[in-house]
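Working notes, structure below.
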Amino acid sequence: MRLLLHTPIARLAATVAMAITSLPAPALTVVAGNAKLTVPDDQRWEVHELADPDIQIDSGASTTPSMSRVLRLSEGAQTLAVVHVSGSIGGNIGETVWHFKCPVDQQETGSYVRDRAHKYNIDCLTVDGPVDLDRSIQQFDARLARLLGTQGAMPGGAGYFIWSIYASGTARVKVLAVVRGNFAGAPTAQTTGEDTQGIPAEVLEWGRQLNDQVRSSVLSISGRFTLPRMEFRR
């Protein structure tokens, strides 16, 4: 029997079909160990796997396994941003001695460092820039440089390195965001009066928002956190 379009059932079916097709694409969630990172659903991110070495804790006396994922945001062939997220597998929040210094780029540029760590945790935000992005990637992580190089995805040019790391007990999440120089940062940036080392307020504010999200991932049971939205000036 044919289902005529003017019947109530047919109209209902058509309405449901239209509603389904108009729904936004589901948000992309990337799992890296305990960390579960969600990125904006209207931006197209590529996701790549990257082998991660074990994390050394208690002054190297023991290790905990880790997992990495690399996300790339592009416009045409141009890489706009690379996000490397690394999360411990398992682990627990407790008293673990960390000996760690916030990473700082050695190029002669501005380096903003906010280190709020103490003996039993890491709480680090570092923003470097503008730096030579390809050189900095090669300097800090040869594995990431090889991955991007084989994909023809090195960003090139100048931009910013934004690190956020939080650890408590044997649970740790580390995020490195590499962004080109036209990165718009956070639109709600506020002047704090602190020494920003020449880093634009919008970029620093985006870094602080990322740092808050990374901290919440480690301290939550779910491990979920959200990547603050990235926009780039034309």
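The first residue of the sequence shown is numbered 1, and numbering continues consecutively from there.
Exactly one of K36, Q213, R215 qualifies for a side chain to side chain contact (heavy atoms under 4.5 Å, CB included) with F225. That residue is Q213. Screening R180, R44, R234 against E75 for a salt bridge (Lys or Arg N to Asp or Glu O under 4.0 Å) leaves a single residue, R234.
Residue D134 holds its CG atom at 8.5 Å from CG of L148, rounded to the nearest 0.5 Å. Taken to the nearest 0.5 Å, the CG atom of L176 stands 7.5 Å off from the CD1 atom of I137. Rounding to the nearest 0.5 angstrom, the gap separating the OG atom in S168 from the CG atom in D123 is 10.0 Å. The CD1 atom of I162 lies 8.5 Å from the CG atom of L204; values are rounded to the nearest 0.5 Å. Here I122 contributes atom CD1 and Y166 contributes atom OH; the two are 10.0 Å apart, rounded to the nearest 0.5 Å. To the nearest 0.5 Å, atoms CG (D132) and CD (Q138) are separated by 8.0 Å.
Considering only heavy atoms from C-beta on, H84 comes within 4.5 Å of D141 through its side chain. For the pair W45/V30, no side-chain contact is recorded, criterion being any heavy-atom separation below 4.5 Å from C-beta on. Residues R69 and H48 form no side-chain contact, since every pair of their non-hydrogen atoms from C-beta on lies 4.5 Å or further apart.
Listed here is the closest heavy atom pair of S111 and D128: OG-OD1, 2.6 Å. Scanning both residues, I89 and G33, for their nearest heavy atoms gives CG1-CA, 3.8 Å. Across all their heavy atoms, S217 and V173 have their closest contact at OG-CG2, 3.7 Å. The two residues N211 and S164 have their closest heavy-atom pair at ND2-OG, 2.9 Å. For A81 against M230, the heavy-atom pair with the smallest separation is CB-SD, 3.5 Å. Between S66 and S86 the shortest heavy-atom distance is OG-OG, 3.0 Å.
No donor-acceptor distance shorter than 3.5 angstrom exists from the side chain of T79 to the backbone of S74, with no hydrogens or angles considered. Judged by distance alone, the side chain of S88 and the main-chain N or O of R172 form a donor-acceptor pair under 3.5 Å.
Criterion: ILVMFWY side-chain heavy atoms under 4.5 Å apart, direct or through other members. Under it, L219 and V214 are part of a common hydrophobic cluster. No chain of hydrophobic side-chain contacts below 4.5 Å, direct or via other Ile, Leu, Val, Met, Phe, Trp or Tyr residues, connects V31 to V175.
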Requested in this report: Show your reasoning for whether side-chain contact (heavy atoms from CB on, under 4.5 Å) applies to L73 and Q43.
Outcome: CA-CA 8 Å; L73 181 65; Q43 294 181 322; 4.1 Å; yes
Query - Worked verdict on R143 versus V70 for side-chain contact (heavy atoms from CB on, under 4.5 Å) - result: CA-CA 11 Å; R143 299 170 305 125; V70 176; over 6 Å; no
Report task. Evaluate side-chain contact (heavy atoms from CB on, under 4.5 Å) for V127 paired with Q197, printing each intermediate quantity in order. Result -> CA-CA 9 Å; V127 184; Q197 295 294 314; over 6 Å; no
Requested in this report: Kindly indicate, with the supporting measurements, whether the criterion side-chain contact (heavy atoms from CB on, under 4.5 Å) is fulfilled by L71 and L37.
Outcome: CA-CA 10 Å; L71 297 87; L37 172 63; 4.3 Å; yes
Side-chain polar contacts of residues 149-161 - donor-acceptor pairs under 3.5 angstrom, sequence neighbours left out - could you list them?
from	atom 1	to	atom 2	distance (Å)
T150	OG1	R146	O	3.2
T150	OG1	L147	O	2.8

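No donor-acceptor contact under 3.5 angstrom links the side chains of T226 and T38, judged on distance only.
Taking a 6.0 Å sphere around CD of E46, one finds it holds more than 12 heavy atoms contributed by other residues, nucleotides or ligands.
Residues meeting the ring pair (Phe, Tyr, Trp, His ring centres under 6.0 Å) test with F183, sequence neighbours left out: W206, F232. Listed by chain and residue number, E205 satisfy the side-chain hydrogen bond (donor to acceptor under 3.5 Å, both in side chains) test with Q209 (two or more places apart in sequence, or in another chain).
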